[in-house]
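For reference, the structure is listed below as structure tokens.
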Amino acid sequence: METKTQVVDALATVLPDIQKVDIESKIERPKDTTKGDYAFPAFFLAKQLHQAPQQIAQDLLAKIDQTGFEKIEVVGPYLNFFLDKVTVGASILDEIISDPANYGSSNVGEGGNVTIDMSSPNIAKPMSMGHLRSTVIGNALANILKKVNYNPIKINHLGDWGTQFGKLMTAYKMWGSEAEVKADPINTLQKYYVRFHQEAETNPELDEDARAWFKKLEDGDPEAMHLWEWFREESLQLFMKIYDLLDVHFDSFNGEAFYNDKMDEVIELLESKHLLQESKGAEIVDLEKYNLNPALIKKSDGATLYITRDLAAAIYRQRTYNFVQSLYVVGNEQQNHFKQLKAVLKEMGYDWSDNIHHIPFGLITEGGRKLSTRKGHIILLEEVLDDAMQLAKKQIAEKNPTLANADKVAEQVGVGAVVFHDLKNERLNSFDFDLEEVVRFEGETGPYVQYARARSLSILRKAGNPDLTNVDKKISDPNAWEVIKALGNYGDIVQKAAKDYEPSVISKYTLQLAKDFNQYYAHSKILVEDNEKLARLSLVKAVSDVLESGLALLGVQAPNEM
RNA sequence: GGAGCGGUAGCUCAGCUGGAUAGAGCAUUCGCCUUCUAAGCGAACGGUCGUGAGUUCGAACCUCACUCGCUUCACCA
């Protein structure tokens, strides 16, 4: 941040006719680090100065004040700036060591509330890898937004209402037994659900029966209500186990059922604004002018739909939290729905609908096939996490057999690998599930980052964890520079991740920092007795602090030893 | 057909608001544990950036056309 301003200021004094912001926008970071820390291309000045860019660069170099820089040099049309590594490095380390917890924080959010609709598994269905995506992306975004001083509100909009309960009740009444469900709730209910869809293909009466059961539920029929509560309770208990493992916690579990008594108002509002139309026996809102299909508010049998509930939820959230932003971390395949949702709210005259953002993510397939709960083609999250933990345990037994708390560490490493894998790439990328890939511990993975941090802590322990707050942090070793530069970028990285709602910006950064540190570690000896030892330890401490912070933003736990 | 996302090394992906010889990881081959954890470090190999035009001093990036893959388009969520 500040280092860039230094470059801008130096250039501004020799380019009085150019706006500072314009200069800043042209400054780039050379990919090749031997070409300096910042570079200024002179191409764009060629036209107005009527000179060759190479010549302009030369002239600027002659006039520019080089104090505070290690050197400035011209390569072709580029002016390359080399920062004073020792001084700049020491000040970056000082900043981190003096207040590690707040390093990288900023106030762009000004405390504003941001609701995050995330995870939202369906009751009576197992959690799949798709739910993992929503859960970990939402959780990471909440952490990232908090770091830039928004106030995130994590809402688990449980799928605890809807026609699937009608189907489930039909199936249960026809083929189910209480004992079977109690023995293994989710898998059994899942089995009923799959069977329902199989048999309904040849027997359409089942669909009618399911519709009837759901209608009963909506009308408060005691038997239907009882079954619903039972299914819900059993499911929720199992979900909580997974959330504990992922260390994800919610501010609200208000799911679909919570809005049952809030939908009449939505219908009334729509009616009073004359937005409802009848079409084929159903009630719709026409969205022609948004170039969207009509939003179906009420089915021909009078039952409500997803969007009606989401309208109620959006209005409720606005009233309850007065959000500055409302995020929905939901798969990309639902983008049409969210466009409709925003459009209907807009039609209702709610300008705050502009603050609603669908945060889509890519689809997970397996063997190129879309996963489908209805057809029973799913990847169970629980199994993936179990596999990952088992594998981590095996690794520990091989590589660090004397490790204390091996089980806990295996959990952190295994789960960390799965979570990190999900956050590593741009969230809109879809990917084909490959267990080996997901639970990999080498290369660009969560464990790689965890390992780099564990090694840094190990060094600090060996050094007796000295107090580093007031030590001289000047490091002359050029190997340290890439690490320090990376450390200095953290704040910008966090802001970019927040602005783009993109956790992968953080994961990529932690990988890069870990890589830079591992290189330094391999090439420079830290624990040698000389007058820069405490400065080097400061660097190591700063790395462990920032890696810990970055991993925490991602919701990945970091073991002190592994 | 409309809308959306994508096509970069054998595989998985980076590539910032257009800039200097297109970068990682995995896989393959080969080095490095008598020094701070080898879940590591280093080296080699590997690319017509889907195709064709255009804008520009300069295009993987912007525009247009085409092409391939996935998603979605009222009574599921």
Side-chain angles (χ1 to χ4, degrees), chain A residues 25-26 28-32 35 39 41 43-44 46-47 52-53 75-78 80 120 122 159 161-164 167 211 256 279-284 291-301 303-307 309-310 330-337 339-340 360 362-363 365 368 370 373-374 392 395-396 398-400 403 413 417 424-426 428-432 434 436-437 440-452 454-463 492 496 504-505 508 511-512 514-515 518-528 536 540 561-562:
Chain A
S25 71
K26 292 290 175 191
E28 49 193 78
R29 288 168 200 242
K31 288 172 244 178
D32 180 356
K35 296 208 168 74
F43 299 105
F44 79 106
K47 247 179 214 161
V75 180
Y78 285 89
N80 292 336
S120 311
N122 290 319
W161 202 256
T163 45
Q164 81 264 25
K167 294 173 183 176
R211 266 195 287 277
E256 297 181 353
S279 171
K280 298 173 192 168
E283 304 269 358
I284 63 158
N291 198 21
L292 293 167
N293 305 312
L296 191 59
I297 303 294
K298 244 184 180 177
K299 298 201 280 188
S300 40
D301 65 2
T304 55
L305 280 144
Y306 185 38
I307 193 159
R309 210 165 291 271
D310 264 5
V330 180
N332 196 23
E333 64 272 19
Q334 287 194 41
Q335 59 165 290
N336 194 54
H337 166 74
K339 281 184 186 166
Q340 288 187 326
L363 199 68
T365 53
K370 193 183 169 180
T373 344
R374 294 185 192 185
Q395 290 261 344
I396 291 167
E398 280 170 26
K399 301 185 188 239
N400 199 350
L403 182 66
V413 172
K424 182 173 74 172
N425 293 132
E426 212 174 304
L428 263 168
N429 290 358
S430 45
F431 67 90
D432 202 64
D434 177 356
E436 269 185 52
E437 191 69 31
R440 173 162 273 149
F441 299 149
E442 284 142 34
E444 295 176 329
T445 66
Y448 176 92
V449 181
Q450 290 172 323
Y451 182 67
R455 293 217 290 196
S456 69
L457 288 181
S458 174
I459 294 172
L460 294 169
R461 261 196 315 275
K462 284 230 157 87
D492 282 351
K496 181 174 163 49
S504 70
V505 170
K508 296 253 167 56
L511 280 172
Q512 188 58 51
K515 196 178 292 182
N518 278 335
Q519 266 168 36
Y520 172 67
Y521 178 97
H523 296 110
S524 291
K525 180 78 182 158
I526 293 151
L527 292 177
V528 285
R536 285 192 301 272
V540 174
E561 288 180 70
M562 62 187 275

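Here is how names work: the chains are called A, B, and so on, in the same order as the sequence lines, proteins then strands, and each is numbered from 1.
- With C1' as the reference atom, B:G23 and B:A53 are 28 Å apart, rounded to whole Å.
- Spacing between atom NZ of A:Lys339 and atom P of B:A74 amounts to 14 Å, rounded to whole angstrom units.
- Counting only heavy atoms from C-beta on, A:Glu444 has its side chain closest to B:G25 among B:C41, B:A77, B:G25.
- In this structure, A:Pro77 reaches neither bases nor backbone, as no heavy-atom distance under 4.0 Å exists between it and the strands shown.
- Counting to the nearest Å, the P atom of B:U17 and the CZ atom of A:Phe44 are 18 Å from each other.
- Within the 4.0 angstrom heavy-atom criterion, no nucleotide atom of any strand lies near A:Ser456.
- Between A:Glu398 atom CD and B:U37 atom C1' there is a gap of 15 Å when expressed in whole angstrom units.
- Contact annotation: A:Lys299 side-chain N/O to B:C76 OP1/OP2 distance is under 4.0 Å.
- Considering only side-chain N and O atoms, A:Lys31 lies under 4.0 angstrom from the phosphate OP1 or OP2 of B:A20.
- Atom C1' of nucleotide B:G23 and atom CZ of A:Arg29 are separated by 17 Å, given to the nearest angstrom.
- Atom pair A:Asp432:CG and B:G6:P shows a separation of 18 Å (rounding to whole Å applied).
- With the nearest nucleotide of RNA chain B identified for both A:Pro447 and A:Pro41, A:Pro41 has the one nearer the 5' end.
- Among the atoms of the strands shown, none is found under 4.0 Å from any heavy atom of A:Ala46.
- A:Asn80 comes within contact range of at least one nucleobase, with a heavy-atom separation under 4.0 Å.
- If you take CD1 of A:Ile284 and P of B:C73, they are 16 Å apart, rounded to a whole angstrom.
- You'll find a donor-acceptor pair under 3.5 Å spanning the side chain of A:Lys35 and the base of B:U21, going by distance alone.
- Residue A:Arg455 places at least one side-chain N or O under 4.0 Å from the OP1 or OP2 atom of B:A38.
- Under 3.5 Å, the side chains of A:Tyr306 and A:Gln340 contain no donor-acceptor pair of N or O atoms.
- The residue A:Tyr306 sits close to a base: some heavy atom pair falls under 4.0 Å.
- Closest approach to the A:Tyr521 side chain among B:A38, B:U17, B:C5 is made by B:A38 (side chain taken as heavy atoms from C-beta onward).
- Using a 4.0 Å heavy-atom distance criterion, A:Lys280 is classed as a base contact.
- Interface remark: the A:Ser458 side chain does not form any donor-acceptor pair with the B:C36 base, using a distance-only criterion of under 3.5 Å.
- Residue contacts for A:His337: at a heavy-atom cut-off of 4.0 Å it reaches no nucleic acid atom on any strand shown.
- Using a 4.5 Å cut-off on side-chain heavy atoms (C-beta onward), A:Leu363 and A:Asn332 make no contact.
- Comparing B:G25 with B:A14, their C1' atoms are spaced 10 Å from each other, to the whole Å.
- Contact annotation for A:Ala39: base contact, defined as any heavy-atom pair under 4.0 Å involving a base atom.
- Within the 3.5 Å criterion, the main-chain N or O of A:Met562 finds a donor-acceptor partner in the side chain of A:Asn400.
- In terms of phosphate contacts, A:Lys462 brings a side-chain nitrogen or oxygen within less than 4.0 Å of OP1 or OP2 of B:U37.
- In this structure, A:Tyr448 places its OH atom 8 Å from P of B:G25, rounding to the nearest Å.
- No contact: A:Lys298 has no heavy atom under 4.0 Å from any strand.
- A:Ile526 comes within 4.0 angstrom of a nucleotide base, judged by non-hydrogen atoms across all strands.
- Closest heavy-atom contact between A:Val413 and A:Pro447: CG1-CG, 3.8 Å.
- As rounded to whole Å, 15 Å separates atom P of B:C36 from atom CZ of A:Arg536.
- For the pair A:Ile396 and A:Asp32, both in contact range of RNA chain B, the more 5′-proximal nearest nucleotide belongs to A:Asp32.
- Among the heavy atoms of the strands lying under 4.0 Å from A:Glu426 are primed sugar atoms or P, OP1, OP2 only; no base atom is included.
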